[in-house]
Q: 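Mind looking over this structure? Questions follow.
Start at 1 with the first residue, then count along the sequence.
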Amino acid sequence: MAHGPLLRKITDYANRADPYPIYAELRKTPVVHEEDGPYIVSTYWEIHALLHDPRISSDARNLDPRAAGEPADAETEAEEDDPGLPPAFLKLDPPEHDRLRRLAMTPFGPPHTPRRIHAMRGELSRIVNELIDGFRDRDRIDLVDDFSYPFPVTVICRLLGVPREDEPRFHTWADTLAASLDPDPEQDAAERRRVTQQARTELGRYLSELIEERRRSPGDDMLSALVAGHGPEGRMSHTELLSTAALLLVAGHETTVNLITNGMLALLRNPDVLARLRAKPHLAVPLVEELLRYDPPVQLLPQRTPLSDIDIAGVTIPKGASVWLVLASGNRDPQRFLDPDRFDPQRRDNQHLGFGSGIHSCFGAPLARLEAQLALTALAQRLENPRLREDPPPYRRNAVLRGPRHLPITLDGLR
């Protein structure tokens, strides 16, 4: 399958450290379509409109391989036929999406458990400070391996009721499933389907065992609440429980790792902001919002398709075509944000797309916000004279969930 130069630039690992010049090039034409590639939408208002348009589907079953320029045996078909781990509600449309999302929200937040995330603040702070205490007597750390990864993994395990000691088991599965989101046209599609299918099957088997344990011995965790399913809409089926648990487990830490790491990288590149956060912890709230605009952990949404022909920005996108929404480009659109390439934590007008928008806006946004606020504040206050050892740091290969794979930092000690 042929792909044009802009698509290759987006997916090329060589551009991972700084894709924003490519996004600026994309925005010259709000909707780009090259050869057999997807329709790439890069400007804020067009992305926002499509995120709220009921004619845009997230369900891969609505993708027409002929209109999308995909092979007939596209990866999505393997996912639809997978009995072990079917698509999560993130990849479904109303009404299935709405019902499953409401069921998942019941033990997670408003209106049924409105203070669940707020009540975790003390425990989150304790986890953060315990991890930072582990830096004592060290002058070098890798923020990803030593902090940004273990913190959200510990949190999501405790929230869901997944044993923390099982992390080595699901780490590889989570990495594989996250990598499957990366639309790299140079990868061997058949091999990626095989590896992804194996990871989905193994994770589904693991979660199925855990769900049966929660049926026999329920706890006060979210998975037990989902299994019990006490609510006006009943409970999820077993396969729905599997897909929802997998989504929460994987998405519940993968994106937060990037948010914290991208945030610390931005602070180290802007020492004046780091100093302000150290002196004024309340700055963490607008600072995290600016990070979600300036360098979001989810850069693009590559799996959308119109249910009918849609005209946008003078281009007709045909029914069944593949559409990519480049959220990170929209967040830097000068038609929407003043001086968009400047990192400004005190930006007043900041309705970013960092958590998406519309019915698929990030389910875990309240938890991710709190985790990032507490993590970055504690790092700013406790690390003594932190400095980057490598800039830019090495990045993950993933163009969708973009973030450093490692962030080596030198420090003089702990406060």
Side-chain angles (χ1 to χ4, degrees), residues 1-27 32-42 69-71 74-75 142-145 148-149 171-196 199 250-251 253-266 268-269 291 294-303 322-332 341 354 388-409:
M1 173 168 33
H3 289 290
L6 280 174
L7 181 62
R8 286 197 296 271
K9 285 182 181 179
I10 293 172
T11 57
D12 189 348
Y13 177 70
N15 297 317
R16 199 70 76 247
D18 185 13
Y20 293 100
I22 298 164
Y23 299 159
E25 186 178 350
L26 274 175
R27 286 193 301 270
V32 172
H33 182 228
E34 299 177 317
E35 300 186 41
D36 294 327
Y39 288 79
I40 304 173
V41 185
S42 58
E70 299 286 348
E75 178 179 346
D142 176 359
L143 191 80
V144 176
D145 289 346
S148 299
Y149 181 79
H171 188 170
T172 301
W173 301 328
D175 281 352
T176 300
L177 295 179
S180 72
L181 298 173
D182 188 17
D184 186 350
E186 304 304 320
Q187 287 185 338
D188 183 329
E191 175 63 13
R192 182 166 70 171
R193 284 198 297 274
R194 185 193 67 79
V195 172
T196 301
V250 176
H253 73 271
E254 284 285 350
T255 53
T256 309
V257 173
N258 286 348
L259 178 57
I260 293 171
T261 309
N262 291 346
M264 195 60 189
L265 177 60
L268 292 172
R269 287 171 170 171
L291 285 170
Y294 180 77
D295 201 12
V298 179
Q299 295 270 299
L300 62 100
L301 302 177
Q303 192 184 67
S322 176
V323 178
W324 290 12
L325 306 179
V326 190
L327 305 180
S329 175
N331 279 346
R332 297 279 190 108
D341 292 323
L388 284 172
R389 288 171 50 200
E390 188 177 350
D391 193 10
Y395 273 77
R396 300 185 188 198
R397 300 203 67 85
N398 203 315
V400 175
L401 303 178
R402 176 181 164 272
R405 174 60 190 90
H406 298 284
L407 190 65
I409 294 175

Q: Give the intermediate values and the outcome of side-chain contact (heavy atoms from CB on, under 4.5 Å) for residues Ile22 and Asp12.
A: CA-CA 11 Å; Ile22 298 164; Asp12 189 348; over 6 Å; no
Q: Kindly indicate, with the supporting measurements, whether the criterion side-chain contact (heavy atoms from CB on, under 4.5 Å) is fulfilled by Thr196 and Leu177.
A: CA-CA 6 Å; Thr196 301; Leu177 295 179; 4.0 Å; yes
Q: Please name all residues satisfying ring-ring contact (aromatic ring centres under 6.0 Å, His included) with Tyr149, sequence neighbours left out, ordered by chain then number.
A: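 So Tyr149 forms a ring-ring contact (aromatic ring centres under 6.0 Å, His included) with His171, His253.
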Q: Partners of Asp341 by side-chain contact (heavy atoms from CB on, under 4.5 Å), sequence neighbours excluded?
A: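 So Asp341 forms a side-chain contact (heavy atoms from CB on, under 4.5 Å) with Arg332.
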Q: Can you tell which of Leu143, Leu388, Leu291 makes a side-chain contact (heavy atoms from CB on, under 4.5 Å) with Met264?
A: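 Passing option: Leu143.
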Q: With sequence neighbours left out, write down each residue that passes side-chain contact (heavy atoms from CB on, under 4.5 Å) with Leu401, or none if nothing qualifies.
A: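 side-chain contact (heavy atoms from CB on, under 4.5 Å) list for Leu401, sorted by chain: Ala178, Leu181, Glu254, Thr255, Asn258, Val298, Asn398.
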Q: Determine, step by step, whether Asp295 and Tyr20 satisfy the side-chain contact (heavy atoms from CB on, under 4.5 Å) criterion, reporting the C-alpha distance in whole Å, the side-chain angles of both residues, the deciding distance to 0.1 Å, and the verdict.
A: CA-CA 9 Å; Asp295 201 12; Tyr20 293 100; 2.7 Å; yes
Q: Return the minimal non-hydrogen interatomic distance between Pro302 and Ser322, and the atom names on each side.
A: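 Looking at all heavy atoms of both residues, the closest pair is O-OG, 4.1 Å.
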Q: Among residues at least two apart in sequence or on other chains, which ones pass side chain to side chain donor-acceptor pair (under 3.5 Å) with Asp142?
A: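 Residues passing side chain to side chain donor-acceptor pair (under 3.5 Å) with Asp142: His406.
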Q: Counting C-beta onward and ignoring hydrogens, is there a side-chain heavy-atom pair between Pro392 and Arg269 closer than 4.5 Å?
A: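 Side-chain contact under 4.5 Å: yes.
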Q: Report the residues that fulfil side-chain contact (heavy atoms from CB on, under 4.5 Å) with Ala399, sequence neighbours left out, ordered by chain and then residue number.
A: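 side-chain contact (heavy atoms from CB on, under 4.5 Å) check on Ala399 returns Arg16, Asp182.
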Q: Using side-chain contact (heavy atoms from CB on, under 4.5 Å) as the criterion, list what pairs up with Ala251, not counting sequence neighbours.
A: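 Partners of Ala251 by the side-chain contact (heavy atoms from CB on, under 4.5 Å) criterion, ordered by chain and then number, come out as Leu247.
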Q: After noting the C-alpha distance and the side-chain angles of Leu268 and Asp391, does the key distance pass the side-chain contact (heavy atoms from CB on, under 4.5 Å) rule?
A: CA-CA 10 Å; Leu268 292 172; Asp391 193 10; over 6 Å; no
Q: May I ask you to say whether Arg405 pairs ionically with Asp145, meaning some side-chain N is under 4.0 Å from a carboxylate O?
A: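 Looking at Asp145 together with Arg405, the answer is yes, because their closest N to O distance falls below 4.0 Å.
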